[in-house]
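Structure record follows, encoded as structure tokens.
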Amino acid sequence: MAKQMNNRRIVEILREIALYLRAQDVAFKPQAYEVAAEGIAGMETELSTLYKAYGKKCLDDIPGVGASIAETIEELVTTGNTRAYQVLKKKYPFDMLAFSRIPEVGPKTALLLYKKLHVKTLRDLERAGSAHKIENVPGLGHKSEQKILRGIAFLKSSGERRIIHDVLPFAQHMVENLRRVEGVTHVDLAGSLRRRKETIGDIDLIATTRKPKELIRAFKSLPEVVRVLKAGPQKLAVRFSLGLGGDLLVLDPNAYGTGLVHFTGSREHNILLRELAQKKHLKLSEHGLFRGKTRLAIRTEEQLYRALGLQWIPPELRVGGDEIGLARQKKIPALIPYGSLQGDLQVQTDWTDGTASIEDMARAAKALGLSYMGVTDHTKALTMTGGLDERRLIQQGKEIDRVNKKLRGLRVLKSTECDILKDGSLDLHDTALKTLDLVCVSIHSHFALPKREMTERIIRALKHPLVNIFLHPTGRVVGRREPYQVEMDRVIRAAREYGVVLEINGSERLDLHEEYIRQCVDAGTKLVINSDAHDPRHFSHLDHGIAQARKGWARKADVLNTRPLKAFMVALKKNRV
DNA sequence: GCCGTTTTCGGCCCGACTGTTTTCAGTCG
């Protein structure tokens, strides 16, 4: 194997090839490269490892990857480069990917800038703009130059996508304010926020109103809106104070369903829907579903999907993969509903690195409608958090007894986030673990073990007869830490075999990734969704955990903490063989 | 370059907005 080729780099190369092809007006191929790139972008498993294990046939199941792109990927994985890309790069040696990230600059403009100004990097381009060279390029002008310079400044300051945990509350606050504007009948989130992608690149809001001018004025004057980029009667593009851009789309109330689908996306999902409509001799756009010039009476999303012969598809599944085929066969399951959790099995307190007492955390959990909560403070191997040893753990049990006596309506469970040591043994003695209601385990050290060794280490821990739940199973933190190297298919099978439940962690870890959740669902490996709260405010993470589960096609029955305490404990013990 | 509930060949999504243009191309979602 040559240079390490990770999925991120493969996706970049496929996207850049697509841009070069678009710039040269090549028909249809760019779309093919983009679809393949999106398919790979949604995977958590590295193609290079899949390829090592299964060879080229591991590429068969990726939507949009056919014979030719499969060869390209094989070339990338084995040699670290590909002929198709090298040829393009040699002909046009400039940073196409970076230029195209500038708002309002696409592949054609990017290529034009390179050809006329011989600029290769963003820095070159910025210099050319400052020297007023861009405005003299035929087809561009002063306004374009200003826009490009502003765009580059924006790129420098914003740093691309943000985690949904930061963006969702920000966007919901705007939605609430806009709903109060006179004449407004609907305001909703659309785009990647509604699909609950783990990172968000822009914020899309959609609305209907009897008084469009009032709504547009109110939107422009929101404190969150710092700059208006475009302002038509139906569409406004702005930049928000969070450092992201976004749109407000004002829809015809008679076409709210089709508008909602259109602006929810994904782009790839929409293309598949419109192709399907076309095959039925219909035309689909944000304005409705049309037969000839007549608009069919479609008011809701459900009606639209039905008219296309499909089950309604929840936004979280609209990725442009296999969801449309399964919807045609009526095989979209009832996903786990938001708000359906009855307990939270991972909560830290001020006994270690949490900010609040057991009692305060319990009251916060109860206020959110939960009826049980597991206290999972760290164990002694994690010295920097003041992890508990056996003696302190038993002391903590007494405090939990005290809180349980005092508190009605919520049961605090004695638990632990027990460290899995390097060799797969546990950080606490069985005698202490036996005093607990349930035992959770996780990894916080030796992240860099070779894959085989890491897998054996984890499986040894799962085999331990007292272990119930494996927390944040891959160690990832969105945007900050890559997952450790581990054979997840083996872990998922072992969890099922030994009756251990895998956690979906709703904090900024979002661990498990949805790809593995779907594998768990298929394998019959049970799941729980936890907040990993270190503070009373963190129970809101549960919602992100549910979104994650939904993206992984999980149903209520797959997630054990949707059950009342008694049934949960029965399922947890029965799950153990 | 991909794909199949009319297809292994012949198709391949739709409209709003802007800028630099005298009628349209490029970008975006």
Side-chain angles (χ1 to χ4, degrees), chain A residues 14 17-19 21-23 25-39 59-60 62-73 84 99-113 134-148 151 190-195 201-206 228-237 245-252 255 258-259 261-290 308-310 320 324-325 327-329:
Chain A
L14 294 177
I17 292 174
L19 288 168
L21 296 174
R22 277 200 193 285
D25 257 330
V26 176
F28 308 117
K29 288 189 192 184
Q31 172 93 6
Y33 279 96
E34 282 161 9
V35 170
E38 287 321 298
L59 306 173
D60 289 352
I62 305 171
V65 176
S68 171
I69 293 182
E71 246 171 59
T72 302
I73 293 172
F99 283 23
S100 300
R101 269 200 284 265
I102 303 169
E104 310 293 320
V105 174
K108 298 235 167 93
T109 309
L111 185 59
L112 180 70
L113 288 165
I134 294 176
E135 63 183 20
N136 294 324
V137 174
L140 303 177
H142 182 65
K143 282 189 170 176
S144 299
E145 181 170 277
Q146 291 307 305
K147 207 155 64 177
I148 289 169
S192 52
L193 266 177
R194 182 163 181 248
R195 302 199 310 278
D202 50 26
I203 300 172
D204 294 322
L205 306 173
I206 61 174
V228 179
L229 305 172
K230 282 184 195 174
Q234 299 168 44
K235 204 177 216 176
L236 281 95
D247 298 309
L248 174 70
L249 305 139
V250 184
L251 303 180
D252 175 353
T258 48
V261 168
H262 180 85
F263 291 112
T264 296
S266 68
R267 197 179 120 84
E268 289 72 23
H269 180 87
N270 286 349
I271 289 173
L272 293 174
L273 287 183
R274 289 194 286 259
E275 284 176 355
L276 198 56
Q278 213 178 30
K279 283 181 190 142
K280 293 180 183 295
H281 306 291
L282 302 168
K283 189 186 66 167
L284 175 61
S285 78
E286 65 264 46
H287 303 300
L289 184 63
F290 297 86
L308 296 175
L310 303 174
I324 294 198
R328 187 186 294 133
Q329 301 166 43

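Chain identifiers are assigned alphabetically (A, B, ...) following the order of the sequence lines, protein sequences preceding nucleic acid strands; residue numbering begins at 1 within each chain. Values reported hereafter were calculated over all heavy atoms of this structure, with side chains retained and with hydrogens, waters and symmetry mates removed.
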Practice task
Identify whether any heavy atom of V105(A) sits under 4.0 Å from a base atom; if not, whether one sits that close to sugar-phosphate; answer base, sugar-phosphate or nothing.
Solution key: sugar-phosphate
* Asked: Do E135(A) side-chain atoms and E145(A) backbone N/O form a donor-acceptor pair below 3.5 Å?
  -> no
Separation of dT18(B) atom C1' from Q146(A) atom CD, nearest Å, is 16 Å
L236(A) atom CG is separated from dC28(B) atom C1', nearest whole Å, by 14 Å
Rounded distance in Å between the C1' positions of dC12(B) and dT7(B): 13 Å
**Message:** Give me the distance, rounded to whole Å, that separates dG1(B) from dT5(B) when you measure between the C1' atoms they each carry.
**Reply:** 23 Å
(message) Looking at N270(A) and H262(A), would you say the former's side chain and the latter's main chain have a donor-acceptor pair under 3.5 Å?
(response) yes
Rounded to whole Å, the CG-P distance (L111(A) to dG26(B)) equals 11 Å
To the nearest angstrom, the CG-P distance between L229(A) and dC28(B) comes to 11 Å
Measuring only between side-chain heavy atoms, which start at C-beta, is R267(A) closer than 4.5 Å to E38(A)? no
Separation of dC2(B) atom P from Y33(A) atom OH, nearest Å, is 7 Å
**Message:** Could you tell me how far dT6(B) sits from dC2(B) if I compare only their P atoms? Round to whole Å.
**Reply:** 23 Å
What interatomic distance, in whole Å, is found between C1' of dG11(B) and the corresponding atom of dT20(B)? 35 Å
For Q31(A) and R22(A): C-alpha separation, side-chain torsions, deciding distance, then whether side chain to side chain contact (heavy atoms under 4.5 Å, CB included) applies. CA-CA 9 Å; Q31(A) 172 93 6; R22(A) 277 200 193 285; 3.9 Å; yes
Between CG of L19(A) and P of dG26(B) the distance, given in whole Å, is 15 Å
Requested in this report: Evaluate the side-chain proximity of F263(A) to D247(A): yes if any heavy-atom separation is below 4.5 Å, no if none is.
Outcome: no
Report task. Pick the P atom in dT21(B) and in dG26(B), then give their distance to the nearest Å. Result -> 13 Å
*Hey, does D25(A) have a side-chain heavy atom less than 4.5 Å from the side chain of K108(A)?*
yes
When both distances are under 3.5 Å in a Watson-Crick or G-U wobble arrangement, the nucleotide paired with dT8(B) is none
Protein-nucleotides 12-16 of chain B N/O pairs closer than 3.5 Å?
unit_1  : atom_1 : unit_2  : atom_2 : d
dC12(B) : O3'    : E275(A) : OE2    : 3.2
dC13(B) : OP2    : E275(A) : OE2    : 2.6
dC13(B) : O2     : R274(A) : NE     : 2.3
dC13(B) : O2     : R274(A) : NH2    : 2.2
dC13(B) : N3     : R274(A) : NH2    : 3.3
dG15(B) : OP1    : K283(A) : NZ     : 2.7
dG15(B) : O3'    : H287(A) : NE2    : 3.2
dA16(B) : OP1    : H287(A) : NE2    : 3.3

From CZ of R101(A) across to P of dC28(B) the rounded distance in Å is 13 Å
Side-chain contact check for D204(A): nearest option of dT27(B), dG1(B), dG29(B) is dG29(B)
Worksheet entry | Side-chain heavy-atom pair T109(A), I102(A) within 4.5 angstrom cut-off | no
* Going through the checks in order, is the side chain to side chain contact (heavy atoms under 4.5 Å, CB included) test met by V35(A) and I271(A)? -> CA-CA 10 Å; V35(A) 170; I271(A) 289 173; over 6 Å; no
Problem set entry | Pairwise C1' distance, dT18(B) and dT23(B) [rounded to whole Å] | 15 Å
So, do L310(A) and L273(A) sit near enough that their side-chain heavy atoms are less than 4.5 Å apart?
yes
What are the atom names and distances for every N/O pair under 3.5 Å that joins the protein to nucleotides 3-10 of chain B?
unit_1 : atom_1 : unit_2 : atom_2 : d
dC3(B) : OP1    : G64(A) : N      : 3.0

Classify the nucleic acid contact of L140(A) as base, sugar-phosphate or nothing, counting any heavy atom under 4.0 Å across all strands shown. sugar-phosphate
Considering only heavy side-chain atoms of P107(A), the closest of dT27(B), dT20(B), dC2(B) is dT27(B)
When rounded to whole Å, the NZ to P distance for the pair K29(A) and dC2(B) reads 10 Å
Taking dC9(B) as the reference, what is the distance to dC28(B) when you measure between their C1' atoms (whole Å, please)? 33 Å
Task: Check: G309(A) main-chain N/O paired with R328(A) side-chain donor or acceptor under 3.5 Å - done: no
